[in-house]
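To start, the structure itself, in structure tokens.
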Amino acid sequence: MLYLSTRGHPDRKHFCDILLEGLAPDGGLYLPERYPHIDDAALTRLRKAYHEQGYAELAFQILSLYIDDIPAADLKRLCEKTYTAEVFGTGEIVPLRHLEDGLWLEALSNGPTLAFKDMAMQLLGNLFEYELGRRGEQLNILGATSGDTGSAAEYAMRGKQGVRVFMTSPHGRMSAFQQAQMFSLQDENIHNLAIEGVFDDCQDIVKAVSNDLDFKRKYKIGTVNSINWARLLAQVVYYFAGYVQATETNDQKVSFTVPSGNFGNVCAGHVARSMGLPIARLVVATNENDVLDEFFRTGVYRVRGSADTHETSSPSMDISKASNFERFVFDLLGRDAARTKALFGDALSTQGRFDLSQDPHFADAATKYGFESGKSTHADRLATIRDTFQRHGVTIDTHTADGVKVAREHRGDASVPMIVLETALPIKFAETIVEALGHAPERPPKFAGIEDLPKRVQVMPADVRQVQAYIERHCQ
Ligand SMILES: *Cc1c(COP(=O)(O)O)cnc(C)c1O
């Protein structure tokens, strides 16, 4: 299997070459040359693999279709090391539970940091360690986080050979729980840099360091952001796991509703559907930052400035543009790389928008690719959390609540189960749960008292030079 760039660069690469890279050299995103097709017999084999051998075997079989430069025995071992009941809390790894008529919740948030990003990041940590070891190389991951991504990256990379993490975050702006999760890590290879500024300052620092090409090369700076193909691929697996739990035979269909920000999670659903998994509809749920809902309703994709990006109570969906969206648009346009480049390389940077409403391909988003969308606000979130608790005794987090709210509006045909992806546990967003329910959510026992643990964090001004100096000092 070879990978190409959505913007038409002539190079074709193998999986391990793009694993450690970010964007393609022409600024595009990597995609496989084609999606392997899962026929009825293959789906039956995957169903059996999950039910009889477990999630790790399902992951191994799906990843094998896309990775031809890691020996099968090694890939299998990496999957088995990643997807364990010990790390993910249950043997099912992503258990499905019934919520109400036609509506199911697939739990993706029982990993170490209690958000779905662990599903992919834990695998990425093991893949990085493996590939860097094979090459005898090192990688220094520099990132910016306002919460979920940074902690998922740190818990995936802690103690790994050949990898260091330098994670910037806005000083004093994450929740006490999120700060405790990250700053209590005592591993030598994990560095928390609390920047005196806001999240945008952290992102600017990461960009400035990445644009300093000499520094980047000398200190082997890399990233683990959501455009990484390996992360997306790891997420494809749980769409299959959700499907085989919700159905008994392959002639049944299911739909998914996905709380969305950067379009990484639901893009994995698009890949699964393109492989032939019987998915009826993929419903994109956004919060007040409704860039994606606007596109699927109108055909206009309009990125927001930072002044138009709302700080909401589902903060991991607070995006101004959806960094994985280019992958879907490339497919939507019949894989026309020149047009994709014109839209994402040119129109977005000059006009901040593009309009496909008059393009015949736009209708395909719904009819051919099954996409629908909806939006949820703070008031919807509170009402949904309250209602789900009162009627079902289930406490859901704020992002999942956006999903449940939108899923209820898109339930459709009752014989097609609607699976809402649960993307975080409520304890991560306790303030809003208290606002909705009047009491705090349950805290998993392993997180008892984490706010009181010793913290390992370096506070520094929003100054690129000082961050670089810190990296230099800690890369000896
Ligand atoms: C990252 C995140 C999302 C958004 O996922 P995307 O892949 O960016 O669309 C939703 N919910 C939670 C809890 C997250 O951490």
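Treat the numbers as computed from the prediction; the structure is a model and nothing was measured. Both counts, for ligands and for their atoms, begin at 1 and track the order of listing.
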Nearest-neighbour protein heavy atom for atom 7 (O) of ligand 1, which is reported as residue plus atom name and distance: Asn265 N, 2.9 Å
Plane angle bin for Tyr301 and Phe325 - parallel if under 30°, tilted between 30 and 60°, otherwise perpendicular: tilted
Element-labelled atoms of ligand 1 that are located less than 4.0 Å from some non-hydrogen atom of Ser316: 1 (C), 2 (C), 3 (C), 4 (C), 12 (C), 14 (C), 15 (O)
Those atoms of ligand 1 less than 4.0 Å from some heavy atom in Ala424: 13 (C)
Whether Pro259 lies under 4.0 Å from ligand 1, heavy atom: yes
Near-ring test Phe429/His399, centroid separation under 6.0 angstrom: yes
N or O contact, Ala115 vs ligand 1, cut-off under 3.5 Å: no
Stepwise ring pair (Phe, Tyr, Trp, His ring centres under 6.0 Å) test for Phe177 and Phe447: CA-CA 9 Å; Phe177 187 85; Phe447 293 98; 5.5 Å; yes
Within reach of ligand 1, part of Phe263 (heavy-atom separation under 4.0 Å): backbone
Ring geometry between Tyr238 and Phe116 (parallel below 30°, tilted from 30 to 60°, perpendicular above 60°): perpendicular
Electrostatic pair Arg381-Glu435, nearest N-O below 4.0 angstrom: no
Residue, atom name and distance, where the atom is the protein heavy atom closest to atom 11 (N) of ligand 1: Thr423 OG1, 2.9 Å
Nearest-neighbour protein heavy atom for atom 4 (C) of ligand 1, which is reported as residue plus atom name and distance: Gly261 N, 3.6 Å
Aromatic ring pairing Trp229/Tyr3, orientation class (parallel under 30°, perpendicular over 60°, tilted between): tilted
Protein residue, atom and distance nearest to atom 1 (C) of ligand 1, heavy-atom basis: Lys117 NZ, 1.4 Å
Met317, portion touching ligand 1 at heavy-atom distance under 4.0 Å: side chain
For Gly264, the ligand 1 atoms whose distance to one of its heavy atoms is below 4.0 Å: 6 (P), 7 (O), 9 (O)
Within 6.0 angstrom of Glu451 CD, more than 12 heavy atoms from elsewhere: yes
N or O pair under 3.5 Å between Asn262 and ligand 1: yes
Test of ring centre spacing under 6.0 Å for Phe362 and Phe295: yes
